[in-house]
Amino acid sequence: MEEVEVAPPGPMEIRVKVVSTSVCRSDVTAWQSKAQLDLFPRVFGHEASGVVESVGEGVTEFQVGDHVLTVFIGECKSCKHCVSGKSNMCQKLGLERKGVMHSDQKTRFSVKGKPVYHYCAVSSFSEYTVVHSGCAVKVGLTVPMDRVCLLSCGVSSGLGAVWNVANVSKGSSVAIFGLGTVGLSVAQGAKLRGASKIIGVDTNPEKQEKGKSFGVTDFINPDELSEPVQQVIKRITDGGVDYSFECVGDSGVVSTALQSCSDGWGVTVTLGLPKGKLEVSTHYAFLLSGRTLKGSMFGGWKPKSDLPSLVDKYAAKEIQVDGLVTHDIPFNEINKALELMLENKCLRCVIHMPR
């Protein structure tokens, strides 16, 4: 733990007092990754809820005291992608990889005058943070902040991959590789869409029961098989599933998921952030035979336009969120949450900031 100085918000920015933030696998992946820029010291965290503490010049959408979710991709509503109706990859406020703010390419954190880098332009592992107003979404004052924070990344990414990116149809078959928070949210989305067979693939046997509660109908542990998992899936689905989802963050699993799909119409969606090898390789015949491989960023949701409807679904108990929280941990014990994630002993640890 170290004290940092958090600068006032610049034009079109807001400073947020973080209330709750959860540890996402991508925080740990980016922290440990050898394949990404070495940006340290750095404040990680991006899945968060908070209260607006101050607003910068030009901000009219937010007022001090508003409850907000932070989002790791923004929505300017004016660039080519935002107005296209086809994409959520905002050209002005897209995924930030340099550890700085979108607006001026500088940091808002410092220690003794030296810059401390941001993560995904959010950096919620801090009592206060500064985000662009286009990277925050207002939520109602009655929504529980320590649970709705999961909608700012993991849960929304899983649901959107099913509903928006793959557009899973009723009666279809689905295979999900990795039953973490994102994978279980994929299962939930598939169940709500009426999928008839939802296969969960995970090397952790404890995920079998948890998977059932989110809609998984069949569980496969690859470590217990004597043949490749894609062969088992193709056998039990008469040629392969209609949709498969890679939620592990492993480029090798992307190829396995693609091979698990049906010829002619099978769709594979990859959601995970790779920890090692970044290139995906597969035999061209799998694509020539009619399979489709798609990527998904934040489930295809436009955060400002679409996230409020998901918050409403959660408030109406139409989607599960609470069951994904396995631990509630005070901020001063955040390293415990990171250890649990590294040891695969949690789904989501929610970090509670001092009041």
Next item on the list: Take S78 and K92, measure what side-chain hydrogen bond (donor to acceptor under 3.5 Å, both in side chains) needs, and give me the verdict at the end.
Entry: CA-CA 9 Å; S78 62; K92 294 180 181 178; 3.1 Å; yes
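- The distance from the CG atom of L184 to the OG atom of S213 is 7.0 Å, given to the nearest 0.5 Å.
- Taking NE2 of H132 as the start and OG of S103 as the end, the distance is 6.0 Å to the nearest 0.5 Å.
- Considering every non-hydrogen atom in both R108 and E13, the closest pair reads NH2-OE2, 2.8 Å.
- Checking side-chain atoms of S305 against main-chain N and O of K302 turns up no donor-acceptor pair under 3.5 Å.
- Atoms CG and NE2, on L141 and H67 in that order, are 5.0 Å from each other to the nearest 0.5 Å.
- Around atom CG of D223, more than 12 heavy atoms belonging to other residues, nucleotides or ligands sit under 6.0 Å away.
- Of all the heavy atoms in I176 and L179, the pair that sits closest is CG2-CD2, 4.0 Å.
- Judged by distance alone, the side chain of S172 and the main-chain N or O of A195 form no donor-acceptor pair under 3.5 Å.
- Of the options K138, K304, K77, a salt bridge (charged side-chain N to carboxylate O under 4.0 Å, His left out) to E61 is made by K304 and by none of the others.
- G154 and V182 make their closest contact through O-CG2, 3.8 Å (heavy atoms, listed as atom of the first residue, atom of the second, distance).
- Counting only distance, with no hydrogens or angles, the side chain of S133 and the backbone of V59 share no donor-acceptor pair below 3.5 Å.
- Contact record, G252 with D250: N-OD1, 2.8 Å, taken as the closest heavy-atom pair.
- Between the S22 side chain and the V350 main chain, no donor and acceptor come within less than 3.5 Å of each other.
- For F125 and F44, the ring centers are positioned 6.0 Å apart or more.
- Within the 4.5 Å cutoff, the side chain of V148 has no heavy atoms near those of the V321 side chain.
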Notebook entry, point to check: side chain to side chain contact (heavy atoms under 4.5 Å, CB included) between M1 and F331: does it pass, once the steps are laid out?
Noted result: CA-CA 9 Å; M1 283 292 179; F331 185 41; 3.9 Å; yes
Margin query: As a quick check of understanding, evaluate side-chain hydrogen bond (donor to acceptor under 3.5 Å, both in side chains) for S244 and S260, giving each step before the final call.
Written below: CA-CA 7 Å; S244 66; S260 302; 6.0 Å; no
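- Between C349 and M341 the shortest side-chain heavy-atom distance does not fall below 4.5 Å.
- Ring-plane geometry between F109 and H118 is classed as tilted, the angle between the planes lying from 30 to 60 degrees on a 0 to 90 degree scale.
- Around the NZ atom of K313, the shell of radius 6.0 Å holds no more than 12 heavy atoms that belong to other residues, nucleotides or ligands.
- The pair E5-K112 does not meet the salt-bridge criterion, since no charged nitrogen lies less than 4.0 angstrom from a carboxylate oxygen.
- At a threshold of 4.5 Å between non-hydrogen side-chain atoms, the residues L324 and S185 count as touching.
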Margin query: Using the rule given for side-chain hydrogen bond (donor to acceptor under 3.5 Å, both in side chains), can you reason through Y243 versus N167, listing the C-alpha separation, both sets of side-chain angles and the distance that settles it, and then say yes or no?
Written below: CA-CA 9 Å; Y243 307 93; N167 192 20; over 6 Å; no
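- In this structure a side-chain-to-backbone donor-acceptor pair under 3.5 Å is missing from K106 to P115.
- V186 and I233 are not part of a single hydrophobic cluster, where members link through side-chain heavy atoms under 4.5 Å apart.
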Margin query: What verdict does the salt bridge (charged side-chain N to carboxylate O under 4.0 Å, His left out) test give for E47 and R348, after you've listed the backbone C-alpha separation in whole Å, the side-chain angles of each residue and the deciding distance to 0.1 Å?
Written below: CA-CA 10 Å; E47 199 174 77; R348 276 298 189 264; 2.8 Å; yes
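- N164 places no side-chain N or O within donor-acceptor distance of the main-chain N or O of A161, the cut-off being under 3.5 Å.
- A salt bridge links E209 to K212: at least one charged side-chain nitrogen sits closer than 4.0 Å to a carboxylate oxygen.
- Counting only distance, with no hydrogens or angles, the side chain of Q91 and the backbone of K80 share a donor-acceptor pair below 3.5 Å.
- Using a cutoff of 4.0 Å between basic side-chain nitrogens and carboxylate oxygens, E53 and R15 are scored as salt-bridged.
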Item checked: Pair V18-Y128, side chain to side chain contact (heavy atoms under 4.5 Å, CB included): steps then yes or no -> CA-CA 6 Å; V18 178; Y128 289 87; over 6 Å; no
Margin query: Applying side chain to side chain contact (heavy atoms under 4.5 Å, CB included) to L151 and I319, what does each step give before you reach the verdict?
Written below: CA-CA 11 Å; L151 288 176; I319 56 174; 4.2 Å; yes
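- Two residues are said to be in side-chain contact when any heavy atoms from C-beta on lie closer than 4.5 Å; V267 and V168 fail this criterion.
- A donor-acceptor contact shorter than 3.5 Å links the side chain of W163 to the backbone of G189.
- Closest non-hydrogen pair, A121 versus V100, comes out as CB-O, 4.4 Å.
- Within a 6.0 Å radius of CD in E3, other residues, nucleotides and ligands contribute 12 heavy atoms or fewer.
- Counting all heavy atoms, side chain and backbone alike, P9 lies closest to V130 at CA-CG1, 4.0 Å.
- With 3.5 Å as the limit, one finds a donor-acceptor pair spanning the side chains of S173 and D242.
- Taking hydrophobic clusters as Ile, Leu, Val, Met, Phe, Trp and Tyr residues chained together by side-chain heavy-atom distances below 4.5 Å, V122 does not share a cluster with L273.
- In terms of hydrophobic clustering, with Ile, Leu, Val, Met, Phe, Trp and Tyr side chains grouped at heavy-atom distances under 4.5 Å, L93 and V131 are assigned to different clusters.
- In this structure, the side chains of L95 and M297 come closer than 4.5 Å at one or more pairs of heavy atoms.
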Next item on the list: Show your reasoning for whether side chain to side chain contact (heavy atoms under 4.5 Å, CB included) applies to Y117 and V43.
Entry: CA-CA 6 Å; Y117 292 105; V43 179; over 6 Å; no
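- For the pair I334 and E339, the minimum side-chain heavy-atom distance is 4.5 Å or more.
- Under a cut-off of 6.0 angstrom, the local environment of CD in E57 is sparse, with at most 12 non-hydrogen atoms contributed by other residues, nucleotides or ligands.
- A salt bridge links R147 to D328: at least one charged side-chain nitrogen sits closer than 4.0 Å to a carboxylate oxygen.
- Taken together through direct or relayed side-chain contacts under 4.5 Å among Ile, Leu, Val, Met, Phe, Trp and Tyr, F177 and I198 form parts of separate hydrophobic clusters.
- Side chain of S152 to backbone of A48: a donor-acceptor contact under 3.5 angstrom is found.
- Among T129, T21, D27, the single residue meeting the side-chain hydrogen bond (donor to acceptor under 3.5 Å, both in side chains) criterion with H46 is D27.
- Within 6.0 Å of atom CD in Q231, more than 12 heavy atoms from other residues, nucleotides or ligands are found, so the atom counts as buried in its surroundings.
- The local environment of CD in Q63 is sparse, with at most 12 non-hydrogen atoms from other residues, nucleotides or ligands closer than 6.0 Å.
- Look at E246 and K294 and you find no salt bridge, because none of the NZ, NE, NH1 or NH2 atoms lies under 4.0 Å from a carboxylate O.
- For the pair F72/C153, a side-chain contact is recorded, criterion being any heavy-atom separation below 4.5 Å from C-beta on.
- The main-chain N or O of H102 is never found under 3.5 Å from a side-chain atom of E96 such that the two would form a donor-acceptor pair.
- The closest side-chain heavy-atom distance from Q105 to K98 is below 4.5 Å.
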